[in-house]
Amino acid sequence: MQIINATTFRKNIYQTLNQTIEYNEPVCITGKQGNAILLSEEDYKDMLATLELSANPAMQKKIVEGLNTPLTECMDEDTVKW
């Protein structure tokens, strides 16, 4: 994660924004009263989706079951209809 101070961020805001969007690398912007994290919209939406799934006990159970399922018992990816 890139760490920059607020002054540097102000000077390079467009370049920093574009790099964050293009490379999906968060940026920590440090300030006198604390720090803030800049994320791409894609990373932010992915994080929210992960939190939503993690908050659902039924989904947690399915995820754990899936992680514990041997690959030999899984469907071949070529047979899955996306």
Side-chain angles (χ1 to χ4, degrees):
M1 177 185 318
Q2 182 182 4
I3 301 172
I4 60 174
N5 62 39
T7 302
T8 303
F9 177 66
R10 273 195 305 272
K11 289 179 186 176
N12 302 308
I13 189 167
Y14 294 110
Q15 177 185 2
T16 305
L17 285 171
N18 289 335
Q19 286 180 344
T20 301
I21 293 165
E22 184 174 348
Y23 300 111
N24 290 326
E25 181 184 353
V27 177
C28 178
I29 304 162
T30 61
K32 292 178 183 174
Q33 295 182 340
N35 303 331
I37 304 296
L38 175 67
L39 298 172
S40 68
E41 181 181 16
E42 179 182 356
D43 280 350
Y44 176 74
K45 287 179 178 180
D46 290 348
M47 183 178 63
L48 288 179
T50 300
L51 289 172
E52 185 178 324
L53 290 173
S54 297
N56 181 328
M59 187 58 69
Q60 285 179 356
K61 183 178 176 184
K62 288 182 180 184
I63 291 169
V64 170
E65 286 173 2
L67 289 170
N68 291 326
T69 301
L71 288 177
T72 55
E73 294 179 23
C74 296
M75 293 176 73
D76 184 58
E77 67 179 308
D78 294 332
T79 61
V80 177
K81 303 283 188 213
W82 298 98

>> Side chains of Leu38 and Leu17, heavy atoms from C-beta outward: is any pair under 4.5 Å?
In response: yes
> At their closest point, which heavy atom of Asn24 faces which heavy atom of Asp43, and how far apart are they?
Replying inline: O-OD2, 3.0 Å
> Do Ile4 and Tyr23 share a hydrophobic cluster, counting only Ile, Leu, Val, Met, Phe, Trp and Tyr and linking them when any side-chain heavy atoms are less than 4.5 Å apart?
Replying inline: no
> What's the shortest heavy-atom distance between Pro26 and Ile37, and which atoms?
Replying inline: CB-CG2, 4.1 Å
>> Using side-chain heavy atoms (C-beta onward) and a distance below 4.5 Å, is Ile63 in contact with Met59?
In response: yes
> Looking just at side-chain N and O atoms, do Thr8 and Asn5 make a donor-acceptor pair shorter than 3.5 Å?
Replying inline: yes
>> Minimum heavy-atom separation for Gln60 and Ala55, please, with both atom names.
In response: NE2-N, 4.4 Å
>> Rounded to the nearest 0.5 Å, what separates atom CD in Glu25 from atom OG in Ser40?
In response: 11.0 Å
>> Which heavy atom of Gln2 sits nearest to which heavy atom of Gln19, and what is that distance?
In response: OE1-OE1, 4.2 Å
>> Taking Ile13 as the starting point, is it possible to reach Ile29 by hopping between hydrophobic residues whose side chains are less than 4.5 Å apart?
In response: yes
> Near Glu65 CD, under 6.0 Å, is it more than 12 heavy atoms from other residues, nucleotides or ligands?
Replying inline: yes
>> How close do Leu39 and Thr20 get, counting heavy atoms only, and between which atoms?
In response: C-CG2, 3.8 Å
